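Here the structure is laid out as C-alpha cells; the discussion comes afterwards.
Owing to the predicted nature of the structure, the values given are computational and were not obtained by experimental measurement.
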Amino acid sequence: ILLKVRLPLCSGFWTMSAAAAAANCELHDLEDADVSVIRRSLLSWYDEHKRDLPWRCKARTLKDPTERAYAVWVSEVMCQQTQVATVIDYYNRWMEKWPTIQSLATASLEDVNEMWSGLGYYSRGRRLWEGAKKVCDELDGQMPSAAEDLQKLLPGVGRYTSCAIASISYKEAVGVVDGNVIRLLSRLRAIGAESQLPGTMEKFWSLAHEIVDPCRPGDSNQATMELGATVCTPKSPSCSTCPLQSLCRAHEMVKSTQASSCHTFFNRSSSPPTKDPGDDSSKCGLCLPQDQWDVSVGVCNFPRKAKKKAPLKEEFTTAVLVRHSASGQTEYLLSKRPEEGLLAGLWEFPCVQDTSSSQTRKSRLKQLLDHLRDACAVDVQGLKSSSLGEVSHTFSHRLHTYRVEYLELVKGEGQEEEPKTGGTDVRWVQDVKSMAISTAVRKIMSLVSTSTAKAPTAPTPTKRKAKAESVGAKRSKSSTLDGFLVKKEK
C-alpha cells in the first residue's frame, strides 16, 4: 500500500525563475557550523573507508604535475557513465600502454578505439586523444592547472572533469558535481526539484563548493563521491553507517513522517503542520512537492529525476559474412563506420537499416546484398545464407535491433584484401574481438559463436551419395542465395 502524507515543508514547483530562486526556503542551505562538521566527517570517514583504486595511487605518488593530472584525467573520463569495477582493468591497460600524455598523443586513433572497445560512449576515448594532442602541440606538453582553463582549452572536458582534475591534481579548492554528489546533496538538504534543471544544478554546485575542504580539496571531493557511491546509494542507502546522518534533511523527514503518521493514526483530528500552499511567500523552487512524497521509499524520494524519454527504435539487417582461408582459418568481413556520428570510426559487420518493421526477410536480404555488392565490393553470387536471430542493444538514446544473417562465401570467392569502395573501409579479419568494435558487435559475435557451435555435424556420406550431392552442388552453385530470394517466404 502506497502511503502519502503531508509534510511540514513548503510547497514546491519544478521550474525556477530568478524571483523564485530568491524565495527558496532555508531548508536547503548550510550553516557555517554545518559546513565544518561536514568537512571533518567526510575526510575522517574517507581516510578509514576509501577504496584502493589505481588512479588514487597515481595521484598520490606521481610528482610531475602534468603526469598526475593526466592520470586523473584518464580515470575521470573512463568513470563517466561506467562502473568503477569495469573501469579498473581498462585503466590499468591504458596507463601501461600510454603512461604519459606524450605517449597518448603519438598513438593512432585506431589504437585508441581498440583499447576503448567495450567500454562504451566511444567519443570519450577520441576526445581524450584529441586533448592529449592539443596539450602536446599547442600547450608545450603542460596541462592547464586551473579548472577554468582546463574546461576552456581541452576538448571534451566539462565543468565536472575540469574541477575534479584541478582539485585532485593541483589542490584547487573547487567542488565537483556528478551523479553520486547529486544524490548525496539532494538528500542532505532535501532538494526535491528535478535534479537536471539549471537552477537545481546551480544549487548543487553552490553546495559542493561550500563543503570542499580548502586544505584537502581533492580528498574532500573524492570523499563526497565515495560516500554517494558506497553508502548513500540509489536504492539501498545505508543511513545507519552514514557519517552525515545527523545533518541529513531527508533522514529527518523520514523520522518526522513516521512520527506524524503514528500520531495521526491514534488522534485522527490532528495532522502535521504545513504551510498554506496558496501563500505565495512560501513557495519554494527546490522543495519536493507534498503530493510527490512516497513514504515507502524514504530518503530515496531524493533526488527527483525527470522521466526518461523512450529511446528511438531502429532496426537493421546485419551480414556476418565469412570465408575460409587457404589454411582453413575463418575470416569475417568488417566495415568501418564514418569518422563522425554514433560509434565514429569503429568496426562493425556490414549492415543496412530496415525500411519498416514489417519488411519481409526476402526484401531485407536483397537490400543487404545490394549493400555488400555496391559498398563492400563483394561478389554476392553463390553466397549461402541462414538467419541466426536477433540481437538488441540500447545506446544512451537509441534502441538498435539487429537481424543477423550468416553469409558464407563458397570456396574463397569474393573480393580482394581490404578493398575500399564507395567510401567504405572494408577488412577481412580472423579475430573480430581484437578490433575496435562496439558492445553491440560483441553481442552479435557471441550469437554467431553460440549458433555455429550448436550446428550439427553432417554424417559422412557414402561414395554413391557423395557423388550425387557433388553433381547437385555443381548445378546449384551459382543460385544458392538467388534460389532463396525467389522462394516464397515461410
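If you run side chain to side chain contact (heavy atoms under 4.5 Å, CB included) between Leu447 and each of Thr318, Thr452, Leu388, Val320, only Leu388 comes through.
At least one donor-acceptor pair closer than 3.5 Å links the side chain of Asp178 to the backbone N or O of Asn180. With hydrogens and angles ignored, the 3.5 Å screen pairs no side-chain donor or acceptor of His209 with any backbone N or O of Val174. Judged by distance alone, with hydrogens and angles left aside, the side-chain atoms of Arg68 form a donor-acceptor pair with the main-chain N or O of Leu62 at under 3.5 Å. Using modelled atom types, no side-chain atom of Arg403 and backbone atom of Glu390 make a donor-acceptor pair closer than 3.5 Å.
Aromatic ring centres of His393 and Phe395 lie closer together than 6.0 Å.
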Worksheet item: Going through the distances and angles, do Lys433 and Glu114 end up as a salt bridge (Lys or Arg N to Asp or Glu O under 4.0 Å)?
Response: CA-CA 9 Å; Lys433 293 184 177 180; Glu114 286 182 15; over 6 Å; no

I'd like a table of donor-acceptor pairs (distance under 3.5 Å, sequence neighbours excluded) in which one partner is a side-chain atom from residues 134-156, with atom names and distances.
unit_1: Lys134; atom_1: NZ; unit_2: Leu153; atom_2: O; d: 2.8
unit_1: Gln142; atom_1: OE1; unit_2: Thr66; atom_2: OG1; d: 3.2

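Qualifying salt bridge (charged side-chain N to carboxylate O under 4.0 Å, His left out) partners for Arg249, counting only residues two or more places apart in sequence or in other chains: Glu252. In terms of the side chain to side chain donor-acceptor pair (under 3.5 Å) criterion, residue partners of Thr401 (sequence neighbours excluded) are, by chain and number, Ser392.
Between Gln222 and Ser167, the side chains place no donor N or O within less than 3.5 Å of an acceptor N or O (distance only, hydrogens not considered). Ser108 and Asp111 form a side-chain donor-acceptor contact under 3.5 Å, judged by distance and modelled atom types alone.
Few gaps surround CD on Glu339; more than 12 heavy atoms of other groups in view lie less than 6.0 Å from it.
Residue pairs meeting the salt bridge (charged side-chain N to carboxylate O under 4.0 Å, His left out) criterion with at least one partner in residues 231-247, sequence neighbours excluded, do not occur; the list is empty. The list of salt bridge (charged side-chain N to carboxylate O under 4.0 Å, His left out) pairs with a residue in residues 204-228, not counting sequence neighbours, reads Asp47-Arg216, Arg51-Glu226, Arg56-Glu226, Arg216-Asp219. Among pairs with a residue in residues 79-99, those fulfilling ring-ring contact (aromatic ring centres under 6.0 Å, His included) read Trp55-Tyr91, Trp94-Trp98, Trp94-Trp116, at least two apart in sequence or across chains.
Using a 4.5 Å heavy-atom threshold, the side chains of Trp347 and Arg427 count as touching.
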